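Report on the structure given below.
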Amino acid sequence: MRTCRTSTVGKLTVVLATLAVLAGCGGGPSPRAWAASVCGALTPWRSEISKLTSSADQQMTAQTTPAQAKENLVRLFGGAEQASETARRKVEQAGVPETDNGEAIAAGFRASLGKMRDAYGRARDTIDGLGTGEPTVFYGGVRAAVETLNKEYDASALDTSQLNSEELKQAFDEVPECR
């Protein structure tokens, strides 16, 4: 009886090991699953960035002291930096879609979000380094930091012309998470 049990346990171990190896080699998620994961990461990110941008705009026109504006803007840009990193990590966790150029497409999404994160971080650091003693100089520095942020943000946009995948285009158009 012991040999039968040992033999069964041994076979089960081999089957489980084989399944684990095959699962690892089976590739990434389907285009639909990947698109759903990516949109699931980007939708809250877009909402957070929109909210933070609106708050930053309000802060630029509010009647606050330069010190208050500095504190608020540093917090806002830090929040945008964190939101971008959270979205980048979630896209990274989505894996590589099983489609032509899947690795390049996934890498492009991650790189774009990383560049956006870094642009927000630089804007935060720039504003954090501004003195608040002279309001005109402070607000001029804020405007320059925001202009630089806008340029870097625009430059970080994902170039989808190089990432052609009909399967992914269709998936992004069809999955509910992307609507």
Side-chain angles (χ1 to χ4, degrees), residues 28-29 32-97 103-163 168-169 171-179:
R32 287 181 65 86
W34 191 78
S37 292
V38 168
C39 288
L42 296 181
T43 299
W45 172 76
R46 279 190 207 111
S47 294
E48 183 68 11
I49 296 300
S50 178
K51 182 177 83 177
L52 291 168
T53 300
S54 176
S55 293
D57 289 345
Q58 289 172 357
Q59 188 59 50
M60 291 296 289
T61 59
Q63 296 296 322
T64 60
T65 67
Q68 290 168 323
K70 177 179 179 174
E71 180 182 326
N72 291 335
L73 289 169
V74 166
R75 187 178 64 255
L76 290 170
F77 288 132
E81 178 185 26
Q82 184 57 49
S84 298
E85 174 55 20
T86 299
R88 190 203 63 76
R89 264 194 323 251
K90 287 180 179 178
V91 168
E92 183 174 54
Q93 291 168 356
V96 175
E103 180 60 49
I105 292 168
F109 273 84
R110 290 188 312 267
S112 180
L113 286 164
K115 289 175 185 175
M116 290 176 193
R117 173 205 60 211
D118 295 346
Y120 283 120
R122 279 189 290 276
R124 182 205 60 227
D125 292 346
T126 298
I127 291 170
D128 197 31
L130 295 173
T132 57
E134 178 57 47
T136 305
V137 173
F138 171 76
Y139 285 110
V142 169
R143 273 191 280 292
V146 170
E147 286 174 15
T148 300
L149 168 64
N150 288 334
K151 288 176 189 171
E152 290 178 352
Y153 193 91
D154 290 344
S156 68
L158 182 64
D159 179 11
T160 57
S161 68
Q162 301 299 316
L163 307 174
L168 280 175
K169 286 178 188 174
F172 277 112
D173 287 341
E174 293 175 352
V175 297
E177 294 84 352
C178 296
R179 293 182 190 175

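Just so you know, these numbers come straight off a predicted model, no measurement behind them. Numbering of residues begins at 1 and proceeds along the displayed sequence.
- Under the side chain to side chain contact (heavy atoms under 4.5 Å, CB included) criterion, S156 pairs with K115, M116, sequence neighbours left out.
- For E103, the salt bridge (charged side-chain N to carboxylate O under 4.0 Å, His left out) test picks out R110, with sequence neighbours left out.
- Taking all atoms of both residues into account, the shortest heavy-atom contact from A145 to I127 is CB-CG1, 3.9 Å.
- Within the structure, ring-ring contact (aromatic ring centres under 6.0 Å, His included) pairs that include any residue of residues 116-135 comprise Y120-Y153 (at least two apart or interchain).
- For A144, there are no side chain to side chain contact (heavy atoms under 4.5 Å, CB included) partners two or more places apart in sequence or in a different chain.
- Applying the side chain to side chain donor-acceptor pair (under 3.5 Å) criterion to E177, with sequence neighbours excluded, gives no partner residue.
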Please list, one pair per line, the donor and acceptor atoms closer than 3.5 Å that link side chains of residues 41-49 to other protein atoms, with sequence neighbours excluded.
unit_1: T43; atom_1: OG1; unit_2: C39; atom_2: O; d: 2.8
unit_1: W45; atom_1: NE1; unit_2: S84; atom_2: OG; d: 2.9
unit_1: S47; atom_1: OG; unit_2: T43; atom_2: O; d: 3.3
unit_1: E48; atom_1: OE1; unit_2: K51; atom_2: NZ; d: 3.3

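- Every side chain to side chain contact (heavy atoms under 4.5 Å, CB included) that T148 has, sequence neighbours left out, goes to E152.
- Shown here are the salt bridge (charged side-chain N to carboxylate O under 4.0 Å, His left out) partners of E92, two or more places apart in sequence or in another chain: R88.
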Anything under 3.5 Å between a donor and an acceptor, one on a side chain of residues 67-76, the other on a protein residue two or more places apart or in another chain? List them.
unit_1: Q68; atom_1: OE1; unit_2: T65; atom_2: N; d: 2.9
unit_1: Q68; atom_1: OE1; unit_2: T65; atom_2: OG1; d: 3.3
unit_1: K70; atom_1: NZ; unit_2: D128; atom_2: O; d: 2.9
unit_1: K70; atom_1: NZ; unit_2: L130; atom_2: O; d: 2.7
unit_1: N72; atom_1: OD1; unit_2: R75; atom_2: NH1; d: 3.2
unit_1: N72; atom_1: OD1; unit_2: R75; atom_2: NH2; d: 3.0
unit_1: N72; atom_1: ND2; unit_2: Q59; atom_2: OE1; d: 2.8
unit_1: N72; atom_1: ND2; unit_2: Q68; atom_2: O; d: 3.3

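- One N or O on the side chain of S37 and one on the backbone of A33 form a donor-acceptor pair closer than 3.5 Å.
- For E134, the side chain to side chain contact (heavy atoms under 4.5 Å, CB included) partners at least two apart in sequence or on another chain are T136, V137.
- Between L168 and P97, the shortest heavy-atom distance links the atoms CD1-CG, 4.0 Å.
- Here the closest heavy-atom approach between residue A35 and residue C178 is recorded as O-SG, 3.6 Å.
- Annotation for R179 and E174: closest pair NH2-O, 2.6 Å, computed over non-hydrogen atoms.
- Partners of K151 by salt bridge (charged side-chain N to carboxylate O under 4.0 Å, His left out), not counting sequence neighbours: none found.
- Here CZ of F77 is found 5.5 Å from CG of L149. Values are rounded to the nearest 0.5 Å.
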